[in-house]
Amino acid sequence: MAECNASGKAEETTEGGSRYTSLKKEELADLAVSAILQHRRLLTADEAVYQEWLRASADPSVSSAVLQSLQDEHLARQKKSQAQQEELSEIVEALGYVPDVPPEDED
């Protein structure tokens, strides 16, 4: 059976099953929507860093240290997005479907 940790996230079950299987469908749906919105925000932020890295790469006045920093940031964001995508995938698998998620209002 899954237990929630201090942050409210479900943890792995001792039987090796999904950490989300003990949640109710309504809870899973809410969690899935939240995770999808978070993933969208991560992708948007990742794209901004990537575009900045590309612009800096094309500018000969940008130092190699700045380029390395942007590249490192981009790679770190990719790893974070991948981990979040894996968690989202686990939530959707436990839910059994991908819930409809409206686009976020852009300010």
Side-chain angles (χ1 to χ4, degrees):
M1 178 179 245
E3 298 288 330
C4 288
N5 63 21
S7 68
K9 289 190 176 185
E11 295 179 340
E12 284 293 326
T13 61
T14 55
E15 297 84 31
S18 172
R19 55 189 156 170
Y20 299 104
T21 55
S22 68
L23 296 175
K24 296 177 183 174
K25 289 292 183 183
E26 297 81 21
E27 293 171 321
L28 279 170
D30 290 344
L31 195 56
V33 168
S34 177
I36 290 167
L37 292 172
Q38 178 187 12
H39 193 68
R40 288 177 182 174
R41 288 188 295 272
L42 283 173
L43 290 176
T44 299
D46 294 352
E47 182 63 23
V49 170
Y50 178 71
Q51 291 301 322
E52 183 60 28
W53 178 36
L54 287 180
R55 280 191 292 277
S57 297
D59 185 346
S61 69
V62 174
S63 73
S64 61
V66 170
L67 287 176
Q68 186 64 50
S69 176
L70 288 168
Q71 182 179 17
D72 292 346
E73 176 69 16
H74 174 65
L75 293 174
R77 286 176 171 275
Q78 282 186 320
K79 287 179 184 179
K80 183 177 180 180
S81 289
Q82 180 180 359
Q84 199 276 336
Q85 175 63 46
E86 290 170 4
E87 182 178 5
L88 171 58
S89 188
E90 191 175 336
I91 293 166
V92 168
E93 184 175 327
L95 180 60
Y97 66 95
V98 177
D100 290 330
V101 180
E104 285 187 291
D105 292 332
E106 297 196 16
D107 297 326

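These figures come from a predicted structure and were not determined experimentally. Positions are given from 1 along the sequence.
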Handout entry: Lys25, NZ atom: more than 12 neighbouring heavy atoms under 6.0 Å
Key = yes
Exercise for the section: Evaluate the side-chain proximity of His39 to Leu43: yes if any heavy-atom separation is below 4.5 Å, no if none is. Expected result: yes
Exercise for the section: Answer with yes or no whether the side chains of Gln78 and Tyr50 bring together a donor and an acceptor at under 3.5 Å. Expected result: no
Problem - Residues Arg19, Glu87; criterion side chain to side chain contact (heavy atoms under 4.5 Å, CB included); working and verdict - result: CA-CA 10 Å; Arg19 55 189 156 170; Glu87 182 178 5; 4.0 Å; yes
Handout entry: Heavy-atom donor-acceptor pair, Thr44 side chain to Arg40 backbone, under 3.5 Å
Key = yes
Exercise for the section: Could you pull out the closest heavy-atom pair between Arg77 and Val49, with the gap in Å? Expected result: NE-CG2, 3.3 Å
Handout entry: Connected via hydrophobic side-chain network under 4.5 Å: Leu70 and Leu75
Key = no
Exercise for the section: Kindly work out whether a path of hydrophobic side-chain contacts (I/L/V/M/F/W/Y, heavy atoms less than 4.5 Å apart) joins Ile91 to Leu23. Expected result: yes
Problem - Residues, nucleotides or ligands: over 12 heavy atoms within 6.0 Å of Asp100 CG - result: no
Exercise for the section: Nearest 0.5 Å please: distance from the CG atom of Leu42 over to the CD atom of Gln82. Expected result: 12.5 Å
Handout entry: Gap separating the CG atom of Leu54 from the CD atom of Glu47, nearest 0.5 angstrom
Key = 8.0 Å
Exercise for the section: Indicate the atoms forming the closest heavy-atom contact of Leu67 with Ser57, along with that distance. Expected result: CD2-N, 3.4 Å
Completion exercise
The reported gap from CH2 in Trp53 to CD in Gln71 (rounded to nearest 0.5 angstrom) is 4.5 Å
Exercise for the section: Using a 4.5 Å cut-off on heavy atoms from C-beta on, say whether the side chain of Glu73 contacts that of Gln68. Expected result: no
Exercise for the section: Please check if the side chain of Gln84 supplies one atom and the backbone of Ala35 the other of a donor-acceptor pair under 3.5 Å. Expected result: yes
Handout entry: Transitive ILVMFWY side-chain link Leu88 to Val101, under 4.5 Å
Key = yes
Exercise for the section: Can you measure from CG (Asp46) to CD (Gln51) and round to the nearest 0.5 angstrom? Expected result: 12.0 Å
Handout entry: Presence of salt bridge, Glu27 and Lys24, under 4.0 angstrom
Key = no
Completion exercise
Checking Leu31, Leu37, Ile36 against Val33 for side chain to side chain contact (heavy atoms under 4.5 Å, CB included), the one that qualifies is Leu37
Completion exercise
Closest non-hydrogen atoms of Pro99 and Ala32, given as atom of the first, atom of the second and distance, are CG-CB, 3.7 Å
